[in-house]
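Written out below as structure tokens is the structure these notes cover.
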Amino acid sequence: MRVRFAPSPTGYLHVGGARTALYNYLAVRGNGGEFILRSDDTDTLRSSDEFQQDILEGMRWLGLDWDEGIDKDGPHAPYRQSLRLDRYRQVAERLMEGGQAYLCFATAKELDEMRRVAQAEGRPPGYDGRYRDYDPTEAAKRRAAGEDAVIRLKVPRPGETVFRDLVRGEVRFGHDHVEDFVILRSNGTPTYHLASSVDDVDFEITHVIRGEDLLSSTPKHILIGEALDAVPIRYAHLPLLMGPDGKKLSKRHGDTSLRAYREAGYLPEAMVNYLALLGWSFGEDQDVFTLEEAVGRFRLDAVQPNAAIFDNDKLLWMNGVYIRNMGDAEFLSRLEHLIADEYGELSPLQRSRLAGIAPHVKERIKLLTDVGEQVRFLLTDDIEYDSGSWEKIMTAPDAAAAVDDALARLRDLEVWDTQHIEGALRAMLDHLQLNGRKGLQPLRVAISGSSISPPLFESLEVLGRDDSLARLEAARSRL
RNA sequence: GCCCCCAUCGUCUAGCGGCCUAGGACGCCGCCCUUUCAAGGCGGUAACGGGGAUUCGAAUUCCCCUGGGGGCACCA
């Protein structure tokens, strides 16, 4: 088995592309075959190196490694279509010489007219084949004289292309609906259909796994393969990814680039896991699994044929699962990087505080980037009180008394750790006959500035005695 | 307009003729736990688009309708 993922570097790698790459990976890794990463960059105007790099980065980030292709080389190099232009032209010329393709001189105006008339008559819009039987010698002469001409494939007529799609079963297209399509433009460059099909043949691809949007182009690709007398390729068309509105996922649904998700604090493992679920199920009522586990179970014929809506809520939930499952050390190191990006180089004190609070923060965030507001109060002395929290908590009847009493007890505390702090504060609650909500929330607001924060006792320990007392006093004085 | 694909809870899905009074997950709603927020536990809400046909028996097979989607370039 040899599969390929062949994105055009005309934009950042998006989640739909990532899903296609993932399914290719899943299909081939369980088969001991090769995964080829190709660059369909024939559109030189829209292609850019920045996008190409982004695709590479995205693939690596997800952990989808490939065997041959861009950045990797291999027996069929180069894997970049822009470097194989001569090859495509030669193939087109050869097909023409063999009578399987022909020159066409129809102008843009003529083509427009054809389409208009065909539609008006309820026929499939498209080229009418007017140069199909044109005298080749005459055609060659006209081209030699400098006239613009494209090369079109001579689609067998009458005829029909039937193939067995690996996820959809038998699909058939009558050739009445497949025009003699252009394979080589008048400027000598190949169309997508030609370049892609030639590469698939040249690179000995056995299975083409791609989005359903290419299903109706498949007859063209099969026809080119047949004209080339190549070994038939198997096709699997994956269901499309849709936005919440049920339309094909695209820019209109916001930034759907993979990088946007990475920057938003999603983990690659969660992304891979979630993407795998869009069109496939692991089975046994299990939907959290690793890439390796998925490889072991994946089957193309188990892929769902119907489109899937990308549900950010579930992705978010899953990301939380992966964050919680992360090792403390790994989480801490990710956290340090993130915090350093925001606050600059961390001081030893900040680092140790981060390390102390990290395990507690890990349990309560869904996005890596959520971490900032949870730990802010530990990184700066300049805490700002959330006005809503302050009014609701600090102006309550028992707030001042709770702070005073806590202050007194904490000052005398012999050992400053979670356990002792909890003991002292529970004694305070007991003494004042207050429940946790009334007695502890004021302390939380006093030290963190908000009624929402990591667990109080742990936070106090991490903050340290001096700063904790200082903050309680500062808050008290504002009452 | 023409061609193709698809059709189970709001969403992702399990189901491949009887195990289905349709299972799981996300979301949502309760309750419990609880110092906040989470997490966790328990429970609940919610679906086989419609009509025929085949069959002793259809979510599962076939046909039609409806609905949704994709594609119809010298873009990929």
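The chains referred to below are lettered A, B, ... by the order of the sequence lines, with proteins before strands, and numbering in each begins at 1. Both backbone and side-chain heavy atoms feed into the values below; hydrogens, waters and symmetry mates do not.
No cation-pi contact links R152(A) to Y102(A), judged by a cut-off of 6.0 Å to the six-membered ring centre and 45° from its axis. For the pair R19(A) and Y23(A), the cation-pi test (distance below 6.0 Å, angle within 45°) is passed.
Partner Y235(A) forms a side chain to side chain contact (heavy atoms under 4.5 Å, CB included) with one of R168(A), H221(A), R164(A) and no other, that one being H221(A). Each of V150(A), I224(A), L223(A) was compared with I183(A) under the side chain to side chain contact (heavy atoms under 4.5 Å, CB included) criterion, and only I224(A) meets it. Paired with R210(A) under the rule side-chain hydrogen bond (donor to acceptor under 3.5 Å, both in side chains), one option of T20(A), T218(A), N24(A) passes, and it is T218(A).
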Practice prompt. Summarise how protein sits on nucleotides 68-73 of chain B as a single string, 5' to 3': B when a protein heavy atom is under 4.0 Å from the base, S for sugar-phosphate-only contact, - for no contact.
Written response: -BBSBS
Practice prompt. Quick one, give me the B/S/- string for nucleotides 29-39 of chain B, reading 5' to 3', where B means a protein heavy atom under 4.0 Å from the base and S means that only happens at the primed atoms, P, OP1 or OP2.
Written response: ------BBBBS
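A distance of about 16 Å separates the P atoms of C9(B) and G24(B), rounded to the whole Å. Atom P of G41(B) sits at a distance of 45 Å from the matching atom of G52(B), rounded to the whole Å. Only the P atoms considered, G15(B) is 13 Å distant from A7(B), to the nearest whole Å. For the P atoms, the distance from A39(B) to G1(B) is 49 Å, rounded to whole Å. Look at the P atom in both G70(B) and C12(B): the space between them is 15 Å, to the nearest Å. Taking atom C1' on both nucleotides, C28(B) is separated from A73(B) by 46 Å, rounded to a whole Å.
In this pair, W280(A) and F298(A) present their aromatic rings tilted. The plane angle is within the 30 to 60° band.
D43(A) has its CG atom 12 Å from the C1' atom of C74(B), to the nearest Å. In this structure, L194(A) places its CG atom 11 Å from P of A76(B), rounding to the nearest Å. Rounded to whole angstrom, the span from the CG atom of L241(A) across to the P atom of C12(B) amounts to 10 Å. Atom CZ of R143(A) is separated from atom C1' of C74(B) by 14 Å (rounded to the nearest Å). As rounded to whole Å, 13 Å separates atom P of U13(B) from atom CE of M318(A). Note: CG (N325(A)) to P (G40(B)) measures 10 Å, nearest angstrom. Taking atom CZ of F310(A) as the reference point, atom C1' of U13(B) lies 16 Å away to the nearest angstrom. Between the C1' atom of C74(B) and the CZ atom of F181(A) lies a distance of 13 Å, rounded to the nearest Å.
For Y274(A) and F310(A), the gap between ring centers is short of 6.0 Å. Between H193(A) and F181(A), the ring centre distance stays below 6.0 Å. The distance between the ring centers of Y131(A) and F105(A) falls below 6.0 angstrom.
Nucleotide G30(B) is matched to C42(B) when pairs are restricted to Watson-Crick or G-U wobble geometry with both distances under 3.5 angstrom. Base pairing analysis places G1(B) opposite C72(B); the two distances defining the Watson-Crick or G-U wobble pair are each below 3.5 Å. With a cut-off of 3.5 Å on both Watson-Crick or G-U wobble distances, the partner of A59(B) is given as none. Pair assignment for U11(B) gives A25(B), based on Watson-Crick or G-U wobble hydrogen-bonding distances that are each under 3.5 Å. Base pairing annotation: A47(B) forms no Watson-Crick or G-U wobble pair, as no partner gives both donor-acceptor distances under 3.5 Å.
Using a 4.0 Å heavy-atom cutoff across all strands shown, G279(A) reaches sugar-phosphate atoms only and no base atom. At the heavy-atom level, T10(A) lies nowhere under 4.0 Å from the strands shown.
Mapped onto RNA chain B by nearest heavy atom, P7(A) and R123(A) fall at different nucleotides, with R123(A) at the one closer to the 5' end. Residues V167(A) and E121(A) each lie close to RNA chain B; by heavy-atom proximity, the contact nearer the 5' end of the strand is made by E121(A).
Counting heavy atoms from C-beta on, the side chains of N319(A) and K366(A) never come closer than 4.5 Å.
Between C6(B), A25(B), A76(B), one nucleotide has an atom nearer to the side chain of H193(A) than all others, and that is A76(B).
The side-chain contact (heavy atoms from CB on, under 4.5 Å) check on A21(A) picks up F5(A), M59(A), L64(A), with sequence neighbours excluded.
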